[in-house]
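Position 1 is the first residue of the sequence; numbering continues from there. Each ligand, and each atom within it, is numbered from 1 in the order the structure gives.
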Amino acid sequence: MNANVSEKPFHRILLTGAAGGLGKILREKLKPWADIIRLSDISDMGEAAEGEEIVQCNLADKKAVNDLVKDTELILHFGGISVEAPFEDILSANIQGTYNIYEAAHLHAVKRVIFASSNHAIGFYKTTEHIDADDPVRPDSMYGISKCFGENLSRYYFDRFGLETVCVRIGSSFPAPNNRRMLTTYLSYDDLVRLLHSAVFTPKVGHTIVFGMSNNPSSWWDNRKAAHLGYQPQDSSIAFQHLFPPSGDYPDAEDIGANYHGGSFITSGPQYK
Ligand code: NAI
Ligand code: 15L
C-alpha cells in the first residue's frame, strides 16, 4: 500500500463555529472523516493539532470567507450567533455570513454544505401541533428568521447550481436537557454526530431539511421527509426525565413559552413599548 494515499473519505473539510459549544465537540469527532479539518471562528480556537488548520475570521467578511472556503470539499456551517440578538448583529453574522459561505462554496465548487439550522425556524408552532419539514416556517425570533434565510438560500443554491445542502433543524444539543421543554427537543452529542454522518455520507441529498432530535419519549417533529438520510437516533432524553418530574399544571396556560416549540424564544425578539 502506498503510504501517501489517505483512506479518509475527504481530503479537506471546513467547520465554522469551531470555538462554540458544538464546534468543540465536532472538532474531535470529525477527525476520521478528513485528512485535514479547517477550523474557523471569530473567537480564539487555540493551537492547531495534527490534521487541523486554524483560520480566525469574521463570517461577515466576504473576502476572508472566500479565502476560507478555497480548497475545501465539504462545509459544516455552524458559525454565527446562536441565540436572539439585535437584528443588525444577526444580519451581519448569520445572514451576510451565510450568504458569504454559499457564494464562496459555489465559486469554489464545493459539493455539499451542512447548515446548522434551528428549531427556532418553526418555533411559533404550538406544542399541540405536530409538523414535518414541508410545513411552512414560523420563526420565533430574529435569530429564527436568519435560520429561515439560510434554509431558503440553500434551497436556491441547490435549484440554481446543484449545490447540495442538508439543513439540520437542531433541537437542543447540550450535554443534557436543561429544562422540561428540552426533554422533547434534546439531541445528544452522539446523535448529532450520527445525524451529521448520515447528512455527509448519504450519496444524494439534494436539499433536505431534517429535525435534529434524539429518540425522545415525546416529539413535535416528524422526520419521514428525511428518511433517505437513514438517520437512526440511539439516545433518548428518557435518561433525564427524573430531573423534571411531572407537575399537574404543565404546560401552564399562562406560561406562554411553555406552549410553543421555540419555548422562551417566542418572547425574546424586539420589545415594543
Ligand atoms: P455557540 O454560540 O456556542 O457557537 C457559535 C460560534 O459561532 C461561536 O464560537 C462564535 O464565536 C461563532 N461566531 C459568532 N459570530 C461569528 C462571526 N460573525 N464570524 C465567525 N464566527 C462567529 O453555538 P452552538 O451551540 O455551538 O451552536 C452551533 C450552531 O448550531 C449555531 O449556528 C446554532 O445556531 C446552531 N444550533 C445550536 C443548537 C444547540 O442546541 N446547541 C440548537 C439549534 C441550532
Ligand atoms: C438554539 O437554536 C440555540 O442555538 C440553543 O442555544 C438553544 O437555545 C436551542 O436552540 C433550544 O431551542 O433549546
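Here is the list of ligand 1 atoms found below 4.0 Å of a heavy atom in Ser117: 43 (C), 44 (C). With ligand atoms numbered from 1 in the order given, ligand 1 contributes 19 (N), 20 (C) to contacts under 4.0 Å with heavy atoms of Cys57. The contact set between ligand 1 and Ser173, taken as ligand atoms under 4.0 Å from a residue heavy atom, comprises 39 (C), 40 (O), 41 (N). Of all the atoms in ligand 1, the ones that sit under 4.0 Å from a non-hydrogen atom of Asn58 are 17 (C), 18 (N), 19 (N). Under a 4.0 Å criterion applied to the non-hydrogen atoms of Ser82, ligand 1 contributes the atoms 1 (P), 2 (O), 23 (O), 33 (C), 34 (O). Listed by number with element, the atoms of ligand 1 under 4.0 Å from a non-hydrogen atom of Gly79 are 7 (O). Residue Ser172 has at least one heavy-atom neighbour below 4.0 Å for each of these atoms of ligand 1: 40 (O).
Only the side chain of Phe174 comes within 4.0 Å of ligand 2, judged by heavy-atom distances. Neither the backbone nor the side chain of Arg169 comes within contact range of ligand 1; no heavy atom lies under 4.0 Å. Neither the backbone nor the side chain of Ile170 comes within contact range of ligand 2; no heavy atom lies under 4.0 Å. Residue contacts with ligand 2 for Ser82 involve both N, CA, C or O and side-chain atoms from C-beta outward (heavy atoms, distance under 4.0 Å).
Ligand 1 is approached by Ser43 to a heavy-atom distance shorter than 4.0 Å. Distances shorter than 4.0 angstrom occur between a heavy atom of Gly171 and an atom of ligand 1. Not a single heavy atom of Gly97 sits under 4.0 Å from any atom of ligand 1. The shortest separation from a heavy atom of Gly171 to ligand 2 is under 4.0 Å, placing the residue in contact. The closest approach between any non-hydrogen atom of Lys24 and ligand 1 is not below 4.0 Å.
Residue contacts with ligand 1: Tyr143 is placed with a nitrogen or oxygen under 3.5 Å of a nitrogen or oxygen of the ligand (distance criterion only). For ligand 2, the polar-atom distance check finds no N/O of Thr185 at less than 3.5 Å from any of the ligand's N/O atoms.
Of the candidates Gly20, Ser40, Ala93, Ala116, it is Ala116 that places a heavy atom closest to atom 35 (C) of ligand 1. Atom 32 (O) of ligand 1 has its nearest heavy-atom neighbour, among His77, Lys147, Gln56, in Lys147. Ranked by closest heavy atom to atom 8 (O) of ligand 2, the top entry among Tyr143, Phe265, Tyr186 is Phe265. Nearest residue to atom 1 (C) of ligand 2 from Lys147, Met182, His120 is His120 (criterion: closest heavy atom).
There is a path of hydrophobic side-chain contacts, each under 4.5 Å, that joins Leu39 to Leu26.
Ring geometry, Tyr260 versus Phe124: the interplanar angle exceeds 60°, so the pair is classed perpendicular (tilted spans 30 to 60°). Taking the six-membered ring where the residue is Trp, His261 and Tyr125 present tilted rings, their angle falling between 30° and 60°. The aromatic rings of Tyr143 and His120 sit tilted relative to each other, their planes meeting at an angle between 30° and 60°.
The pair Asp71-Arg38 does not count as a salt bridge, with every side-chain nitrogen at least 4.0 angstrom from each carboxylate oxygen.
Here the straight-line distance linking atom CZ of Phe115 with atom OG1 of Thr165 works out to 9.0 Å at 0.5 Å rounding.
Here the side chain of Asn216 pairs no donor or acceptor atom with the backbone of Ser218 at under 3.5 angstrom.
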